[in-house]
2 protein chains.
Amino acid sequence: MTRTGSRTTGRPTLSEVARLSGVSPITASRALRGVATVAPALALKVHEAAQQLGYVANPAARALASAQSQSIVVLVPSLSNQLFIDTLEAIHDVMRPRGLEVLIGNSHYDIHEEENLIRNYLAYQPRGLLLTGFERTEASRRLLAASGVPCVHMMELDATPGVASVGFSQEQAGAVAARHLLSRGRKRLAYIAAQLDPRVLQRGDGFRQTLQAAGCFDPALQLMAPTPSSIGLGGELFNDLLRRHPDVDGIFFCNDDLAQGAILEASRQGLKIPEQVAMVGFNDLPASAHLVPRLTSIRTPRAAIGRQAAQLLLGLLDGKPAAHPTQDLGFELVVRES
Amino acid sequence: MTRTGSRTTGRPTLSEVARLSGVSPITASRALRGVATVAPALALKVHEAAQQLGYVANPAARALASAQSQSIVVLVPSLSNQLFIDTLEAIHDVMRPRGLEVLIGNSHYDIHEEENLIRNYLAYQPRGLLLTGFERTEASRRLLAASGVPCVHMMELDATPGVASVGFSQEQAGAVAARHLLSRGRKRLAYIAAQLDPRVLQRGDGFRQTLQAAGCFDPALQLMAPTPSSIGLGGELFNDLLRRHPDVDGIFFCNDDLAQGAILEASRQGLKIPEQVAMVGFNDLPASAHLVPRLTSIRTPRAAIGRQAAQLLLGLLDGKPAAHPTQDLGFELVVRES
DNA sequence: CTGAAAGCGCTTACAG
DNA sequence: CTGAAAGCGCTTACAG
């Protein structure tokens, strides 16, 4: 059944729809696209003919003729992180019902790999781009600017005019975690982080600055692993930290995976949480609310970021300048038992 | 910068590459596609010109001219389930380096939504399709058959000639869980399930049949919720079950989310696990090995399924009949503390 | 090994 | 409101 070397697709074409409905292909095209100038009676006939033939427009022909595809490109640094999955799913659920195809590029936390993705995906003439954060190569920036394709940035914020972004302040999130721990009377506060992307570092900065202002920052309590995060790693880093600094009484983790690993390891060792060490996670993954003790975490609006970024982009595609090009969706400290 | 209504893309074309390298467009096309008949010296010049211009072929034009895209369509029932994310990521990592675009369709566990996805995605003239399971509408089957596009089925197995599938026996997985619990002397065995897709039911069948053979099947101990699974639901169903049947001494959960919720709920209530109730999960998600107690689970080869299915499809695209069209990748009971 | 011609299935731009 | 002509940027099929 596999046709090789054929020129035709074997699928019904616009011309066949036009012939069956007794109009020209252009009129059929207009009717099917919902262009208003077509007489209602003709439009109906065209739709019936299309239905009867099982006609679905060839996106390649459409893209070639109009110099514009029906795709949106989303670039994320990872698919292993639940954070991006939630965002991606929300984007998908906004774009698909509008007939837009979501092309997903995974940069694996590598800005050069991202540059290649941009180069290749731009050839698809996407309607728009959804990018993660602002860290990229100069060449990537040039490619994006030269393409003229509308972009919306996700996760981080940048209020520069002409830049669209949907996210929240990563630094403030770090600061809030620090203030929470300080408010509980904790003084020996650590930051445990892995997969040191720009956002993890920004949260660390916010955390550090708040501790410095409170006069209790100790650089020795910053445990930064460049490797990917995982629950197992969280337990290991927690043990490392407590072995070297048994007096630590509060920890902010750059994400819930690490925090969950630590809480489970503490439970296994019979350590009292939060009496001995208070813990704050980040993202508020589903399991966190159910751990024993329940994990205090910072809930991030990751689905809302995807949804809002998608809608902001949709607005940009219609050519109207965005009313709110910088959308701070905030975050929420969810205080639980840890 | 957004060009609306323009016919051209503003990007360098094959003709410009050809002009710069002093050959005809056809020769440039052949050189860029690596067609062997081009003289090495010319091919080099073409590649240099393409590099210099930053030329990337227009996929729409290519697809239209060759009646074949560079896309692979993957249809999954959910993006909220880690299982499919792992599979998707593996597929992505096989296809992308070969220049194939992965189009992801999410059917939300609805075979009619899947039918729409199939209808629409077939218009993209994908090189191949990767489908989840075998449950679909008659119309979907007809569309797929009529298209002649090669398909590989994932997760479940079907040895029918001409059908390609990569997965494992869901029934056997249920049977293995039952045998494990029976081997530990457990007699009052329950199945707790949610999101009752065909695979969840197949696992339940395998579990039931084994219990029936052992003479200890009790239909009252089958707790089947049609709602999506979650950790929270796992805790609730666990409580429901124990309230109604305090004598239950072993539970098989249709996935680890439910099992994790149950183990956490048991811990919160101070129940002894596995002394009072033994638990077996399914999928072996990352957290399961770290819970207290560590969860016994059935590890599924979800990344391997994605990888192998992708490779099987790649073989089919080359027109060679698959040497192994039915790939049983098995599963592994990982016995831990629960 | 190379190329001139034709065509893929649509939409744009221009008439009427 | 409708349509004939042209063209998008490639590749196929056929020559040589």
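Residue numbering restarts at 1 for every chain, and letters A, B, ... go by the order of the sequence lines.
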Using side chain to side chain donor-acceptor pair (under 3.5 Å), reason through B:S107 and B:E113 one step at a time and then give a plain yes or no. CA-CA 5 Å; B:S107 72; B:E113 192 167 340; over 6 Å; no
Nearest to side-chain heavy atoms of A:S66, which nucleotide of C:dC10, C:dT11, D:dA4: C:dT11
First encountered from the 5' end of DNA chain D, between A:P40 and B:P25: A:P40
If you check the A:V38 side chain, which of D:dT2, C:dT11, D:dC10 turns out closest? D:dT2
Round to the nearest Å and state the distance from B:Y124 atom OH to C:dC10 atom C1'. 14 Å
Of the options C:dT2, D:dC10, D:dT2, whose atoms approach the side-chain atoms of B:Y55 most closely? D:dC10
What is the distance from CG of A:L14 to P of C:dT11, rounded to the nearest Å? 6 Å
For the pair B:S71 (side chain) and B:P126 (backbone), establish whether a donor and an acceptor sit closer than 3.5 Å, ignoring hydrogens and angles. no
Complement of C:dA4, any strand, by Watson-Crick or G-U distances under 3.5 angstrom: none
Nearest 0.5 Å, please: how far is CG in A:L313 from CE in A:M154? 10.0 Å
With a non-hydrogen cut-off below 4.0 angstrom, is B:T13 in contact with a base, only sugar-phosphate, or nothing? sugar-phosphate
Listed nucleotide nearest any side-chain atom of A:A57, set D:dG9, C:dC10, D:dC10: C:dC10
May I have the step-by-step check of side chain to side chain donor-acceptor pair (under 3.5 Å) for A:R33 and A:S29, ending in yes or no? CA-CA 6 Å; A:R33 278 179 295 146; A:S29 166; 3.0 Å; yes
Residues B:Q327 and B:Q308: side-chain donor-acceptor under 3.5 angstrom: yes
Calculate the interatomic distance between A:Q125 atom CD and D:dG9 atom P; express it in whole Å. 8 Å
Any donor-acceptor N/O pair, B:T160 side chain to B:V163 backbone, under 3.5 Å: no
Counting side-chain heavy atoms from C-beta on, which of C:dG3, C:dC10, C:dT11 comes nearest to A:R33? C:dT11
Can you measure A:R62 atom CZ to C:dT12 atom P for me and round it to whole angstrom units? 9 Å
Step by step, would you call A:D110 with A:H108 a side chain to side chain donor-acceptor pair (under 3.5 Å)? CA-CA 5 Å; A:D110 178 339; A:H108 298 99; over 6 Å; no
When you compare the protein's N or O atoms with those of nucleotides 14-16 of chain C, which come within less than 3.5 Å of each other, and at what distance?
none

I need the CZ-P distance between A:R19 and D:dT2, as an integer number of Å. 20 Å
Considering only heavy side-chain atoms of A:V23, the closest of D:dG3, C:dT11, D:dC1 is D:dG3
Counting only side-chain N and O atoms of B:T27, is one of them less than 4.0 Å from OP1 or OP2 of C:dG3? yes
In whole angstroms, the gap separating C1' of C:dC8 from CG of A:N58 amounts to 8 Å
Verify the contact: side-chain N or O of A:T37 to OP1 or OP2 of D:dC1, cut-off strictly under 4.0 Å; return yes or no. no
Take the protein atom CD1 of B:I26 and the nucleotide atom C1' of C:dA4, then report the distance between them rounded to whole Å. 7 Å
Would you call the rings of A:F84 and A:Y109 parallel, tilted or perpendicular if under 30° counts as parallel and over 60° as perpendicular? perpendicular
Distance in angstrom units between B:L64 CG and D:dT12 P, rounded: 12 Å
